[in-house]
Structures are given as C-alpha cells and as structure tokens.
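Accompanying notes for the structure given below.
Residue numbers run from 1 in the order of the sequence given. No experiment lies behind these values; they were computed from the predicted model shown.
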Amino acid sequence: MNLSKCHWLNFFLGLVAGIHSVTTVSKVPVKTGGSISLPCLYESKYRNHAKYLCQGYRWSSCSYTVKTNEPRRSGRFSISDDKQQRIFTVTIDRVTLSDSHYWCIVEINNGADDGKRFQLSVTAGRPLLSVDHQEVTGFIGGDVAIRFTYSNRGEIQWCRLGGSCIKEPHGSIDGTRVTIDLKNPDVFNVTLKRLRAESSGWYYCAKGDVRMPVRVTVKERPITTTITTTEITTQLTNISLQPVNHTSAFANTTSEKQSERGPDYLLRFIIPASVLIVIVLVALIFWCVLRQHKLKKAQSSAAAKAEAELTYSVISHRRPNMEKQDPAPDEHVTYSTLAQH
C-alpha cells in the first residue's frame, strides 16, 4: 500500500529535527535474477518496534512489501529481526531491472516512522562488486577469508555496519585484525584474523561508490577426538570382550547426558562411542579368529600324537601240519575168514 502524505510530512519533520535512527548501505550492485540481503541497523529503543521494507524512490509513494510483525515472507521479499544485534535484514530474490530504490523503515507508534533509503545497482552482466558468499562462518580464535571480485576503480575499505572502517592493506576493527590482499587485477580477499565472539555481525566492503554487505557468524570450534594407532593397540590389549554390555552402558550414558546437557554435549561423546564400538568389534573378530586358529592347531596336534602312539602288528594264520600216522603193525590186527555155508 502507498504511505500517506502525512507520513511523508512526519518523516520530513523528523529529519529537520535531527532524528535519524536507521543505518544501512547506500548502493549495492547485483545481477538480474540473483538474490541480495541487506542489513538495517536501528537504535536500541526500537527493539520491540515493527520494521518493514518499502519499494520506491520517494517516501511518499513507496509501496510496502514485507513487515516483521506479519508473515516473514511475501513473494520475492523476506525480513528477519535480530534484536540482540539491533539489525533487521531484508532479502530480495529474483532481482529485476525495475528493482532500484527501497527504504528500510522502523514503525514509530504515535509518531513519524523513521527510515533509510538504499539503491540496488542492477546489471544484466557482471556486477561492479560481488562476493562469493554473503554469509560466512568462522570459529573463535581462527581466521576467515572472504573473496570479492570487482570491475570498477576506487579505494577498497572494510567497514562494520554502524562502526569504523579500515583501508587496505590491513587494520583492526573492534579487536579483530583485518587484512586486504589483492590477488590479481579483479580479485581480492578480506581476511579476519583471531576471531572473537564479538566479531559476529554485519560488515560491508566498499569499492568506489558501491557497497557489498557480508554477515560474519563466529562459533565455538567443535571438539574433535584423535586416536593414534598406539592407543588403539593398547585399548585392544586391555579391553574386555563384552561388546554388548559396553555398547549398552555407553548408550544409556549418552542418552542421560543428552537429556541433561543437550545436543552440544552429546556431540562430545558420539565420536568416542563410535571408536569404542569399532574397537570392540575388531577385538571380537580378532578373538574369534585366534580361537579358531588355536582350535585347529589343537586338533591337528592331537591327531599327530595319536598317530605316533599306534603299534601295528601282523597276524598270520597257519593250519597245523597233521603228521600222517603209520598204520598199525600187523601184530595188533586180527584177521577173520568168513565161510559160506
């Protein structure tokens, strides 16, 4: 909807009175069909106020597109409000050549709304300044490098939204060391070193009259566990071959810790648990193979011993030699004559 002329008059009177509560980048290059996110910084007293994006060159005739106290997405537009950082972010998708001027606006109840205009420099070809990723993540104590490409002339600056700026080749912003390194005629890197939790926030790179916003998120470095071959060998030697009990006990412990400490605490045990399970399985397989080997060896040894103790005997069967008996001498024989009658 169009804002009324009364709102335009209130905004003009607010400017005259020196009231200006919103800060954003002024001119952002973007390619047609692409997507762009822009941060809008506001004063702490407006944390709980509604914020919205308005499309148009003039305040009095701009068209409202999306608002924080309504559905966060409307067609090509979306909006989110980080009250801790005091920044609301608007995102425009599928950019067209007609996307040129917009307003970041804070709604003031019973008063004049406050806002800041920004311009999209839309081109069908290569933008004057672009970044590989508008959102980057680093870890506390580490570094993060952001790669830019450009095709325009002008001095390079790196700035924190609403804060200070540094010029090439290096400097410091809020305790974070920054270096700007020209890689070749159309590429340069901005590196943030020794990151702190306070380094999180919106920054922008300025090259000539264009700006490219970048959101930096700094997290705690995840805990990793490294186990050497020696440690694995030691654990294999000392571990008890009861994989079911170990796994069950560890699973119960992990479940209790998860409910007490949450996902971050659970992650500290996932890798050791996985390694322990693998060690137990390897030990079990090793034990089974060793047992089979010993069993086969014992069987082979027993067979060899039994064969060595066998005594073979040859038994041959003979018929006894029956000596022929001499016929009885005649003196022992009686002869009889049978007479026929």
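With sequence neighbours left out, V190 forms a side chain to side chain contact (heavy atoms under 4.5 Å, CB included) with F148, W158, V178, I180, F188, L192. In terms of the side-chain hydrogen bond (donor to acceptor under 3.5 Å, both in side chains) criterion, residue partners of S98 (sequence neighbours excluded) are, by chain and number, T96.
Looking at T65, its side chain does come within 3.5 Å of a backbone N or O of L53 through a donor-acceptor pair. Put simply, the side chain of R76 gets close to the backbone of D93: a donor and an acceptor are under 3.5 Å apart. Side-chain atoms of D143 come within 3.5 Å of backbone N or O of R194 as a donor-acceptor pair. Between the R47 side chain and the K83 main chain, a donor and an acceptor come within less than 3.5 Å of each other. Looking at R73, its side chain does come within 3.5 Å of a backbone N or O of G75 through a donor-acceptor pair.
Side-chain heavy atoms closer than 4.5 Å link hydrophobic residues (I, L, V, M, F, W, Y) into clusters, and following such links, possibly through other members, connects L97 to F118. Transitive grouping of hydrophobic side chains (ILVMFWY, heavy atoms separated by less than 4.5 Å) keeps V28 and Y57 in distinct clusters. In the hydrophobic clustering of this structure, F139 does not group with I271; members are Ile, Leu, Val, Met, Phe, Trp, Tyr whose side-chain heavy atoms approach within less than 4.5 Å, directly or through other members. Cluster annotation: V187 and M212 are assigned to distinct hydrophobic clusters (Ile/Leu/Val/Met/Phe/Trp/Tyr, side-chain heavy-atom contacts under 4.5 Å, transitive).
Pairing each heavy atom of S37 with each of T91, the nearest pair is OG-OG1, 2.9 Å. Contact record, P29 with V210: CD-CB, 3.8 Å, taken as the closest heavy-atom pair. In plain terms, the two heavy atoms of R160 and G201 that are nearest each other are NH2-CA, 3.9 Å. Contact between K207 and G154 at its shortest, heavy atoms only, is NZ-O, 2.8 Å. Between R86 and E43, the closest heavy-atom pair is NH1-CA, 3.7 Å. Scanning both residues, Y150 and P185, for their nearest heavy atoms gives OH-O, 2.6 Å.
Between V144 and T137, every side-chain heavy-atom pair lies at or beyond the 4.5 Å cut-off. Counting heavy atoms from C-beta on, the side chains of I92 and Y102 come closer than 4.5 Å. For the pair C40/W202, no side-chain contact is recorded, criterion being any heavy-atom separation below 4.5 Å from C-beta on. Residues V218 and R196 have side chains not in contact (no heavy-atom distance under 4.5 Å, counting atoms from C-beta outward). Between H49 and I108, some side-chain heavy-atom pair lies under the 4.5 Å cut-off. Using a 4.5 Å heavy-atom threshold, the side chains of S151 and L128 count as touching. By the 4.5 Å heavy-atom criterion applied to side chains, I36 and Q134 are counted as neighbours. For the pair R126 and K31, the minimum side-chain heavy-atom distance is 4.5 Å or more.
For the atom pair Y52 OH and S74 OG, the distance stands at 15.0 Å (nearest 0.5 Å). The CD atom of E168 sits 10.0 Å away from atom CG of D181, with the distance rounded to the nearest 0.5 Å. The CZ atom of F88 sits 12.5 Å away from the CG atom of D82 when rounded to the nearest 0.5 Å. How far CG of L41 is from OG of S21: 10.0 Å, rounded to the nearest 0.5 Å. One finds the CD atom of E155 at 4.5 Å from the NZ atom of K167 (value rounded to the nearest 0.5 Å). In this structure, D132 CG and I146 CD1 are separated by 10.0 Å, a value rounded to the nearest 0.5 Å.
Counted within 6.0 Å of NZ on K193, heavy atoms from surrounding residues, nucleotides or ligands total 12 or fewer; the atom is thus considered open.
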Problem set entry | side-chain contact (heavy atoms from CB on, under 4.5 Å) between L120 and L38, intermediate numbers included | CA-CA 10 Å; L120 296 184; L38 295 102; 4.2 Å; yes
For this session: Take Y204 and C159 through the side-chain contact (heavy atoms from CB on, under 4.5 Å) test and state the conclusion after the steps.
Result: CA-CA 5 Å; Y204 64 89; C159 308; 3.5 Å; yes
Problem set entry | V22 and Y46: CA distance, side-chain angles, deciding distance, side-chain contact (heavy atoms from CB on, under 4.5 Å) verdict | CA-CA 10 Å; V22 180; Y46 295 132; over 6 Å; no
For this session: Assess whether side-chain contact (heavy atoms from CB on, under 4.5 Å) is satisfied between L182 and I156, documenting all intermediate values.
Result: CA-CA 10 Å; L182 293 172; I156 301 175; 3.6 Å; yes
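Cys pair C62/C54: SG-SG separation is below 2.5 Å.
Exactly one residue among D113, T68, D81, N69 makes a side-chain hydrogen bond (donor to acceptor under 3.5 Å, both in side chains) with K51. That residue is D81.
Between W103 and W59, the angle of the ring planes goes over 60°, which puts this pair in the perpendicular group of the 30/60° scheme.
With hydrogens and angles left out, the side-chain atoms of D186 and T149 include no donor and acceptor closer than 3.5 Å.
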